Peer 1: 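Pasting in a structure now, in structure tokens, and then I'll have a few things to ask.
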Amino acid sequence: QVQLVESGGGLVAPGGSLRLSCTASGFSLDDYAIGWFRQAPGKEREAVSCISSSAESTYYADSVKGRFTISRDNAKNTVYLQMNSLKPEDTGVYYCAADYTVHSVNYYSLYWAEYDYWGQGTQVTVSS
């Protein structure tokens, strides 16, 4: 069964850190670009960070640059999002998604509809 599972969300005070994990089962992430998307209440889903299958290309939304770091460990079939200096506006449900990009190893998309597989989401709440 093809599945993406996110973990690592929770409640954290402003300025704190969390590390989200996205682990695939039933398929290999080697040929997939991975995107982390965030959806806050009443807002559209937005791309927060993306990484190409080669890991040579990465993207960060302006709102998270310098605070978030995306990485991947293909041996563990897992992608991580390290989130530091968290702010209340980072609150939302975080989804990871996989986009099959075997012919474009340095490509990633910011458009959620291009992604093939999605996790169930993990809640991140930044509040004092």
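Each residue takes its place number in the sequence, starting with 1. As the structure is a prediction and not an experimental result, all values here were calculated from the model.
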Peer 1: Is the CH2 atom of Trp118 crowded by more than 12 outside heavy atoms at less than 6.0 Å?
Peer 2: yes

Peer 1: Could you tell me the separation between the CD atom of Gln82 and the OG atom of Ser17, rounded to the nearest 0.5 Å?
Peer 2: 5.5 Å

Peer 1: Just so I know, are the side chains of Leu86 and Pro14 near enough to count as touching, which here means a heavy-atom distance under 4.5 Å?
Peer 2: no

Peer 1: Taking the six-membered ring for Trp, are the ring centroids of Tyr115 and Tyr32 within less than 6.0 Å of each other?
Peer 2: no

Peer 1: Which atom pair, heavy atoms only, marks the closest approach of Gly119 to Tyr95?
Peer 2: O-CD2, 3.7 Å

Peer 1: Determine whether the side chains of Glu114 and Tyr107 contain a donor N or O and an acceptor N or O closer than 3.5 Å.
Peer 2: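 Side chains of Glu114 and Tyr107: pair found under 3.5 Å.
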
Peer 1: Have Thr101 and Asp99 got a donor and an acceptor in their side chains that come within less than 3.5 Å?
Peer 2: no

Peer 1: Quick one: OH on Tyr80 to OG on Ser71, what's the gap to the nearest 0.5 Å?
Peer 2: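 Separation between the atoms: 7.0 Å.
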
Peer 1: Under 3.5 Å, side chain of Thr91 to main-chain N/O of Val126, donor-acceptor pair present?
Peer 2: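 Checked: pair present.
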
Peer 1: What distance do Arg19 atom CZ and Met83 atom CE have between them, rounded to the nearest 0.5 Å?
Peer 2: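 It comes to 11.5 Å.
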
Peer 1: Would Arg45 count as a cation-pi partner of Phe37, with NZ or CZ less than 6.0 Å from the six-membered ring centre and within 45° of the ring normal?
Peer 2: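 The answer is no, since Arg45 fails at least one limit relative to Phe37.
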
Peer 1: Are side-chain N/O atoms of Thr78 and Thr23 paired as donor and acceptor at under 3.5 Å?
Peer 2: yes

Peer 1: Do Val12 and Trp36 sit in the same hydrophobic cluster, where Ile, Leu, Val, Met, Phe, Trp and Tyr count as joined when their side-chain heavy atoms come under 4.5 Å apart?
Peer 2: yes

Peer 1: Roughly how far apart are Leu110 CG and Glu46 CD, rounded to 0.5 Å?
Peer 2: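 Rounded to the nearest 0.5 Å, the CG-CD separation comes out at 11.0 Å.
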
Peer 1: Measure from the side-chain N and O atoms of Ser21 to the backbone N and O of Ser7, and report whether any donor-acceptor pair falls under 3.5 Å.
Peer 2: no

Peer 1: Side-chain contact test, heavy atoms from C-beta onward, threshold under 4.5 Å: evaluate it for Arg38 versus Val93 and give yes or no.
Peer 2: no

Peer 1: Can you get from Leu81 to Val124 by hopping between Ile, Leu, Val, Met, Phe, Trp and Tyr side chains that sit under 4.5 Å apart?
Peer 2: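 Result: yes, single cluster for both.
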
Peer 1: Heavy atoms only: give me the nearest Ala61-Ala47 pair and the separation to one decimal.
Peer 2: CB-O, 3.7 Å

Peer 1: Got a second to check how far Ser49's OG is from Tyr108's OH, nearest 0.5 Å?
Peer 2: 9.0 Å

Peer 1: Verify the cluster assignment for Leu29 and Tyr94: are they in a single hydrophobic cluster under the rule of side-chain heavy atoms below 4.5 Å apart?
Peer 2: yes

Peer 1: Closer than 3.5 angstrom, by distance alone: can the side chain of Ser53 be matched with the main-chain N or O of Val105 as a donor-acceptor pair?
Peer 2: yes

Peer 1: Run the numbers on Thr122 and Leu20 for side-chain contact (heavy atoms from CB on, under 4.5 Å), then give the verdict.
Peer 2: CA-CA 8 Å; Thr122 186; Leu20 305 184; 4.0 Å; yes

Peer 1: Could you give the distance from OH (Tyr60) to OG1 (Thr58), rounded to the nearest 0.5 Å?
Peer 2: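 With rounding to 0.5 Å, OH (Tyr60) is 4.5 Å from OG1 (Thr58).
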
Peer 1: Examine the side chains of Thr125 and Gln123 and answer whether a donor and an acceptor come within less than 3.5 Å of each other.
Peer 2: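 Yes, side-chain donor-acceptor contact under 3.5 Å.
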
Peer 1: Has Asn77 got a side-chain atom pairing as donor or acceptor with Phe27's backbone, closer than 3.5 angstrom?
Peer 2: yes

Peer 1: Would Ile51 and Tyr59 satisfy side-chain contact (heavy atoms from CB on, under 4.5 Å), going step by step from the backbone distance to the final call?
Peer 2: CA-CA 7 Å; Ile51 187 166; Tyr59 163 82; over 6 Å; no

Peer 1: Identify whether Val2 and Val79 are in the same connected component of the hydrophobic contact network (ILVMFWY, side-chain heavy atoms under 4.5 Å).
Peer 2: yes

Peer 1: Donor-acceptor check, side chain of Asn106 to backbone of Ser57, threshold 3.5 angstrom: yes or no?
Peer 2: no

Peer 1: Can you give me the closest heavy-atom contact between Ser52 and Glu56, atom names plus distance?
Peer 2: OG-N, 3.4 Å

Peer 1: Grab the two heavy atoms, one from Ile34 and one from Arg72, that are nearest each other, plus how far apart they are.
Peer 2: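 Nearest heavy atoms, Ile34 then Arg72: CG1-NH1, 4.1 Å.
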
Peer 1: For Gly121 and Glu6, work out which heavy atoms get closest and say how close.
Peer 2: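 Taking Gly121 first and Glu6 second, the nearest heavy atoms are N-OE1, 2.8 Å.
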
Peer 1: Going by an N to O cut-off under 4.0 Å, is there a salt bridge joining Lys65 and Asp62?
Peer 2: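 Looking at Asp62 together with Lys65, the answer is yes, because their closest N to O distance falls below 4.0 Å.
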
